[in-house]
Amino acid sequence: MFGFPSTTAEIEALPRSIGWRLSRAAAFIGGGLLLAPAVGVVPPHAPWVVAALGIGGFLGIRKWRERFTILSFLGSCPKCGAALAIKRGTPLKKVITVPCPGCNHDSTLTSDLSRESSAPREDSG
């Protein structure tokens, strides 16, 4: 959080293999491709087809980029010291905004994803 010293946080994350990422991405993209003709018969035709293809592609790309999945998170707000929470199953990204339930300010969780570790230690600042 800007103006406050950084605090440390502990994250337990599940590394995702290329096979897992590929199968999930293919399932979402394939689902969008299969759904497009089915929803294309409902007027107005084009928006439904574009929506099915767009949503399937978006979710497929999102799953392909998910290198780690958060299993647990333990951290505190740099401003008020309240416990911060991240929902289990959230994809771990380089930067995640974490809202504080105590002071209603957002902290930024930054992580170094270049380290391939099953339980990386991350900083919250």
Side-chain angles (χ1 to χ4, degrees):
M1 181 181 297
F2 181 76
F4 293 91
S6 295
T7 59
T8 58
E10 291 186 30
I11 292 178
E12 182 181 353
L14 178 64
R16 297 300 189 175
S17 68
I18 290 177
W20 183 92
R21 293 166 41 206
L22 182 63
S23 66
R24 297 309 188 279
F28 279 109
I29 293 170
L33 288 171
L34 291 173
L35 189 61
V39 297
V41 298
V42 178
H45 310 289
W48 301 119
V49 172
V50 171
L53 294 174
I55 292 170
F58 172 76
L59 293 174
I61 290 170
R62 210 170 131 187
K63 283 298 177 187
W64 175 251
R65 291 182 178 170
E66 186 176 339
R67 292 179 49 207
F68 295 96
T69 303
I70 296 175
L71 298 178
S72 66
F73 172 78
L74 181 61
S76 61
C77 177
K79 182 177 180 184
C80 69
L84 299 175
I86 297 177
K87 185 178 173 183
R88 180 184 173 96
T90 301
L92 180 62
K93 297 181 274 188
K94 289 185 180 190
V95 178
I96 298 175
T97 301
V98 185
C100 176
C103 64
N104 294 321
H105 285 90
D106 290 339
S107 295
T108 303
L109 173 73
T110 56
S111 58
D112 180 12
L113 297 179
S114 64
R115 295 182 293 161
E116 298 284 333
S117 169
S118 61
R121 184 177 179 123
E122 311 302 334
D123 292 330
S124 174

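Listed by chain and residue number, nothing satisfies the side-chain hydrogen bond (donor to acceptor under 3.5 Å, both in side chains) test with R24 (two or more places apart in sequence, or in another chain). Every residue two or more places apart in sequence or in another chain was checked for a side-chain contact (heavy atoms from CB on, under 4.5 Å) with A26, and none qualifies. Applying the side-chain contact (heavy atoms from CB on, under 4.5 Å) criterion to R88, with sequence neighbours excluded, gives L71. T90 is linked by a side-chain contact (heavy atoms from CB on, under 4.5 Å) to I70, I86, K87, counting only residues two or more places apart in sequence or in another chain. The side-chain hydrogen bond (donor to acceptor under 3.5 Å, both in side chains) check on S23 picks up nothing, with sequence neighbours excluded.
Considering T97, L84, V98 as possible partners of D106, the one that fulfils the side-chain contact (heavy atoms from CB on, under 4.5 Å) test is T97.
The shortest side-chain heavy-atom distance between L59 and I61 does not fall under the 4.5 Å cut-off. Contact annotation: the side chain of P78 never approaches that of S6 to less than 4.5 Å [non-hydrogen atoms, C-beta and beyond].
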Donor-acceptor contacts under 3.5 Å from residues 40-58 side chains, at least two apart:
unit_1	atom_1	unit_2	atom_2	d
H45	ND1	G40	O	2.6
W48	NE1	P44	O	3.2

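Taken to the nearest 0.5 Å, the OG1 atom of T69 stands 3.5 Å off from the CZ atom of R16. The distance from atom CG of N104 to atom NZ of K79, rounded to the nearest 0.5 Å, is 9.0 Å. Between R65 atom CZ and R21 atom CZ the span is 10.5 Å, to the nearest 0.5 Å. Rounding to the nearest 0.5 Å gives a distance of 7.5 Å between SG of C103 and CZ of F4.
Among residue pairs with one or both ends in residues 34-63, those qualifying as salt bridge (Lys or Arg N to Asp or Glu O under 4.0 Å) are K63-E66; sequence neighbours excluded.
A donor-acceptor pair under 3.5 Å is absent between the side-chain atoms of S107 and the main chain of C100, judged by distance alone.
Summarising the hydrophobic clusters (Ile, Leu, Val, Met, Phe, Trp, Tyr; side-chain heavy atoms under 4.5 Å, direct or chained), the residues clustered with V95 are none. The other residues sharing a hydrophobic cluster with W64 are I18, L22, where clustering joins ILVMFWY side chains under 4.5 Å apart.
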Report task. Could you go through the side-chain contact (heavy atoms from CB on, under 4.5 Å) check for I11 and L92 one step at a time? Result -> CA-CA 9 Å; I11 292 178; L92 180 62; 4.1 Å; yes
